[in-house]
Amino acid sequence: MVEKRDYKDTLNLPKTKFSMRAHLNKLEPRLLKKWEETGLYQRMRQEFKDRPLFILHDGPPYANGHIHMGTALNKVLKDFIVKSRQMMGFNCPYVPGWDCHGLPIEHKVDQELEGKKKEMSPLEIRQRCRTYAEKFMHIQRQEFKRLGILGEWDKPYLTMDFKYQATIVREFGKFLLSGNVYRRKKPVYWCPQCQTALAEAEVEYADERSPSIFVKFKLITDITDKYPVLKDKDVYLVIWTTTPWTLPANLAIALNPEAEYVAVAAQNEVYILAARLLHLCMSDFGIKNYEVLTEIVPQDLEKKECQHPFVDRKSLIILADYITLDTGTGCVHIAPGHGEEDYESGLKYGLDVYAPVDASGRFTEDIPFFAGEFVFTANAKIIEKLKEVNALLHLSEITHSYPHCWRCKKPIIFRATEQWFISVEKNNLRQKALEAIEKVKWIPSWGKNRIRSMVEVRPDWCISRQRVWGVPITVFYCERCGEILKDEAIIEHVAQIIEKEGADAWFKYDAKELLPEGTSCPVCRGTTFRKEMDILDVWFDSGVSHVAVLEKSPYWQDLRWPADLYLEGSDQHRGWFQSSLLTAVGTRERPPYEAVLTHGFVVDGQGRKMSKSLGNVIYPEEIIKQYGAEILRLWVAASNYQDDIHLSQDILKQLVEAYRRIRNTTRFLIGNLYDFDPKTDFVPYAERVEIDRWAAHRLQWLIKRLRQAYERYQFHLIYHSLHSFCVNDLSAFYLDVLKDRLYTSAPKSKERRAAQSTLWEILEVIVRFMAPVLSFTAEELWEHLSAWTPRKESVFLSTLPEPRSEYEDEALAERWERLLAVRKEVTRALELARQSKEIGHSLDAEVLIAAPKKLKKFLKEYEKELATIFIVSHCQVVDELGNDALAAEEIEGLKVLVRAYPYPKCERCWKRSPEVGKNEKYPELCARCVEVMEAL
RNA sequence: GGGCCUAUAGCUCAGUUUCGGUCAGAGCGCACGCCUGAUAAGCGUGAGGUCGAUGGUUCGAAUCCAUCUAGGCCCA
């Protein structure tokens with residue numbers, strides 16, 4: 001009796017050093033180092049310099065704090081685009097940038113200084129801010145690089161670079177010269193204690209007790225032709241306010257144009273107020289007897305006038321659709337110098353932006369009775385005055401949320417101060433911007449509608465801030481006549497100083513030193529000047545990045561204005577997309593981008609926004625630590641980024657599994673190529689068997705689909721298509737079927753080489769298409785593939801394969817679609833046999849198939865292949881099957897019978913066969929394996 | 001409160017970019033099973049959805065319209 005021989009070592013089992021487990025925490029840093037050391041990015045610039053350009057212009061994140069999922073998502077998407085466009089034959093330089101100026105950094109520095117700020121000069125504070133911004137630029141740069149994002153990291157653009165600051169000055173200068181820049185009063189938050197303007201971020205809300213007063217304004221325009229019932233009556237509009245001190249600045253009363261108003265007779269007078277609030281008000285006023293005389297159409301009162309109760313001035317009646325009817329009277333007191341909406345309405349009706357309050361919160365001299373009085377203490381006196389003139393209908397107190405200064409915690413006020421604006425009307429800027437919007441491709445398409453409706457109604461751009469950390473508004477006033485110098489030569493002179501010394505120069509030198517020698521006022525010939533000390537809105541900084549970065553610069557070569565693409569979150573329709581559009585249209589008459597792509601926001605598994613208070617925040621760092629940047633990248637790819645993007649631990653776990661699947665599939669491919677030399681062993685397509693040609697056909701389909709998905713920035717289709725191809729086409733079918741041929745055939749046999757040739761081609765395609773997304777894994781694979789054939793040192797220097805029409809065979813694909821449908825029925829039958837313990841492995845089985853005429857004829861043609869395709873030991877197409885056969889679920893008339901194939905199992909290929917035992921030398925083997933063994 | 005957007009199985013997404021009639025699908029996960037020659041792998045079978053809710057248009061709607069609900073972005 002001979003010992004059973006182990007034939008395992010006669011098989012061609014897969015071999016590879018490409019490990020099953022990725023160890024991404026080691027792989028990623030190694031490849032990052034390699035890319036850095038070999039200068040991959042620079043290498044790409046060199047290699048691709050003659051290709052057509054594709055410019056994705058980076059929107060600058062704010063240089064404050066660590067990156068979060070939103071910034072990571074944004075940069076990874078950009079990386080997908082840069083890498084894929086590059087691999088599609090473009091030259092894609094990518095210069096990342098940072099937004100460095102602005103309030104948040106100045107705040108942080110303030111906090112660090114703990115009040116020492118007052119003793120410091122603006123220059124010293126600015127230096128601290130610069131250091132702070134630099135620190136976080138460095139941190140974020142490291143974090144972005146860790147995600148595998150390739151770019152010009154050694155030469156990013158910073159809005160605080162001297163050259164960039166000079167660009168800001170020059171671009172502002174263009175607007176100044178074009179006449180779009182003007183100065184006007186506008187209400188801002190103002191702290192009378194600190195005597196400074198506050199930004200919205202500096203305002204805290206807290207409960208405050210305030211007087212609640214109802215005041216009547218006498219209607220002095222005669223409306224009795226329309227409302228004869230009011231003839232010979234004293235008619236009043238009744239307003240409600242909680243800030244009596246703004247009454248001296250009252251210029252108007254606003255009504256809601258959509259609401260219904262009534263005129264009510266009570267106490268021998270007539271009051272006009274909103275119908276809906278009538279009863280509530282009357283009960284507040286303690287008036288029991290009243291009578292509605294008539295309804296009043298608000299449009300009939302528009303531009304009519306009331307008399308101010310204690311100032312010798314008229315108050316205009318206006319319409320404003322923001323008036324709510326929740327509280328008050330529906331008639332709203334308007335002081336354009338003391339409220340945002342009041343201001344907007346004031347502009348619409350041409351009212352003065354009147355704010356008779358000084359920096360310390362005291363009434364100015366032109367206010368009768370209260371001049372010099374602090375506004376909050378004046379409240380009581382104003383109420384007294386209202387009583388005195390019999391204008392007060394009702395007085396009470398309420399507690400409500402009121403803005404307070406973040407520093408001194410005292411209540412603040414709205415106060416009009418001089419601000420700088422860019423007019424959107426002058427030179428038809430708005431109209432031109434709207435026309436420019438039409439020329440841009442917005443993805444998704446609703447982006448156009450969104451930005452258009454914003455530009456249509458936006459007010460003039462307030463570009464001034466009363467701060468130090470930023471680029472100054474470089475304007476000089478004549479000391480003698482107040483005229484502003486608007487001179488190209490002066491702007492350029494200042495720009496050159498700033499280019500050399502930075503915007504600090506503005507704070508360092510006085511006006512005389514900043515002006516060219518001999519400058520005199522063109523109006524009054526004055527020779528002494530004062531410089532403006534406001535700084536520019538940071539949206540202007542980043543809004544001119546297209547000029548600072550893309551226009552011909554010796555610093556970044558290969559760039560081009562305008563950009564092909566901007567890509568940011570959908571909040572930037574109001575932000576950067578718009579500021580960039582306005583600066584470009586205003587100075588260059590066209591948009592700075594050809595296309596704008598937007599993504600949604602990262603939310604948690606339930607679709608709620610991530611916030612510290614909800615405790616559902618996930619940080620990029622955690623994901624990298626736990627799973628690797630590759631998984632983070634896969635998450636970006638797997639999600640449809642045009643909507644909100646969900647992120648949770650469950651989602652990440654799912655992606656880890658998907659990653660393993662893709663990795664293992666490629667590992668199987670590479671493992672079966674260990675003895676394959678494409679130069680000598682390659683079997684041409686025409687000489688391969690049908691299933692190989694089916695796989696080649698499917699591969700072309702995949703190529704087309706993936707190319708289209710990259711073309712359209714649909715990365716979730718990349719992920720799903722690639723994953724599905726690995727799982728369905730390869731793992732569950734082609735590779736499973738192929739194992740027999742790969743393992744048991746003679747190593748150099750043509751059929752095995754044909755299989756390997758196909759695997760080789762599949763792998764060469766997959767490694768390239770996965771590279772933009774799974775950059776680390778693709779590069780690792782690429783390194784392994786270098787052992788087969790010489791190739792560029794990085795997958796990113798290669799190009800995405802084109803579909804090969806000679807590999808496409810629709811007729812063949814259709815035939816195999818039928819075969820696969822039959823196979824599905826067979827596996828179902830196999831499973832039943834397995835459950836009834838008739839078989840274990842499918843190779844234990846024999847399959848008999850009966851089918852209607854047409855299908856039967858078709859299957860007969862494939863009869864010899866069917867056992868292989870089904871991975872069973874024997875398969876036969878028969879004329880009839882009895883009731884013990886399984887009727888197919890999805891194919892009419894098909895019957896499948898599975899039964900144990902009663903022959904011995906070949907110890908080498910595990911197929912059962914009547915041939916086993918017939919050969920004396922190899923009694924445990926089937927005829928085919930005997931043949932192979934003889935040849936070895 | 002207003003503008004824009006989203007809502008398909010527990011999860012991620014499909015159903016070839018122009019708009020109602022084999023579109024209710026895939027994968028993951030789950031359950032059960034097979035294999036042990038992709039093995040901290042691989043294969044198979046199965047259970048899951050009245051396509052956010054309600055109303056309407058239509059012979060017929062997840063697919064069109066309206067309203068509502070939930071969520072997101074931007075404003076107020």
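Protein chains get the first letters and strands the later ones, always in sequence-line order, with residue 1 at the start of each.
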Trainee: Starting at atom CD of A/Glu657, determine the distance to atom C1' of B/C30, rounded to an integer number of angstrom.
Mentor: 13 Å
Trainee: Taking atom types as modelled, is there a side-chain donor on A/Asp99 or A/Trp576 under 3.5 Å from an acceptor on the other?
Mentor: no
Trainee: Expected output check: what is the dot-bracket annotation of RNA chain B, where ( ) and [ ] are pairs inside the strand (brackets for crossing ones), | is paired with another strand, and pairs are Watson-Crick or G-U under 3.5 Å?
Mentor: (((((((..((((.......[...)))).(((((.......))))).....(((((..]....)))))))))))).
Trainee: Would you say A/His646 places a side-chain N or O within less than 4.0 Å of OP1 or OP2 belonging to B/C11?
Mentor: no
Trainee: Round to the nearest Å and state the distance from A/Asp740 atom CG to B/C43 atom C1'.
Mentor: 15 Å
Trainee: Considering only atom P, compute the distance from B/U54 to B/C43 and round it to an integer number of Å.
Mentor: 41 Å
Trainee: Using heavy-atom distances to pick each residue's nearest nucleotide on RNA chain B, tell me which of A/Arg661 and A/Met20 is more 5'.
Mentor: A/Met20
Trainee: Taking atom types as they are modelled, would you say the side chain of A/Arg667 forms a donor-acceptor pair with the base of B/A38 within the 3.5 Å cutoff?
Mentor: no
Trainee: Could you check A/Asp692, A/Thr868, A/Asn12 and say which one makes a side chain to side chain donor-acceptor pair (under 3.5 Å) with A/Arg741?
Mentor: A/Asp692
Trainee: May I ask you to establish whether A/Lys186 and A/Tyr343 are in a cation-pi arrangement, using a distance under 6.0 Å from NZ or CZ to the six-membered ring centre and at most 45° from the ring axis?
Mentor: yes
Trainee: Can you list everything that forms a side-chain contact (heavy atoms from CB on, under 4.5 Å) with A/Glu341? Sequence neighbours excluded, please.
Mentor: A/Tyr322
Trainee: Under 3.5 Å between N/O atoms: give me all the protein pairs with nucleotides 33-36 of chain B, atom names plus distance.
Mentor:
| from | atom 1 | to | atom 2 | distance (Å) |
| --- | --- | --- | --- | --- |
| B/C34 | O2' | A/Gly840 | O | 2.9 |

Trainee: Take atom CZ of A/Phe577 and atom C1' of B/C74, then tell me their distance rounded to the nearest Å.
Mentor: 13 Å
Trainee: So, is A/Thr827 close to the B/U45 phosphate, meaning a side-chain N or O under 4.0 Å from OP1 or OP2?
Mentor: yes
Trainee: What form does the base of B/G10 take, syn (within 90° of 0) or anti?
Mentor: anti
Trainee: Nucleotides 5-10 of chain B: which of its N/O atoms have a protein N/O under 3.5 Å away?
Mentor:
none

Trainee: Quick one: does A/Cys926's side chain get under 4.5 Å of A/Cys909's, heavy atoms only?
Mentor: yes
Trainee: Does a side-chain N or O of A/Lys653 approach OP1 or OP2 of B/C11 to a distance below 4.0 Å, or not?
Mentor: no
Trainee: Walk me through it: do A/Leu894 and A/Ile849 pass the test side-chain contact (heavy atoms from CB on, under 4.5 Å)?
Mentor: CA-CA 7 Å; A/Leu894 181 74; A/Ile849 303 179; 3.4 Å; yes
Trainee: Go through the structure and list residues passing ring-ring contact (aromatic ring centres under 6.0 Å, His included) with A/Phe733, not counting sequence neighbours.
Mentor: A/Trp694
Trainee: Measure from OH on A/Tyr659 to P on B/A41 and round the result to the nearest Å.
Mentor: 14 Å
Trainee: In residues 725-734 of chain A, which residues come under 4.0 Å of RNA chain B by heavy atom?
Mentor: A/Val727, A/Asn728, A/Ser731, A/Ala732
Trainee: Does any donor-acceptor pair link the side chain of A/Arg450 with the base of B/C73 at a separation under 3.5 Å?
Mentor: yes
Trainee: Mind checking if A/Gly671 touches a base, just sugar-phosphate, or nothing, with heavy atoms under 4.0 Å?
Mentor: nothing
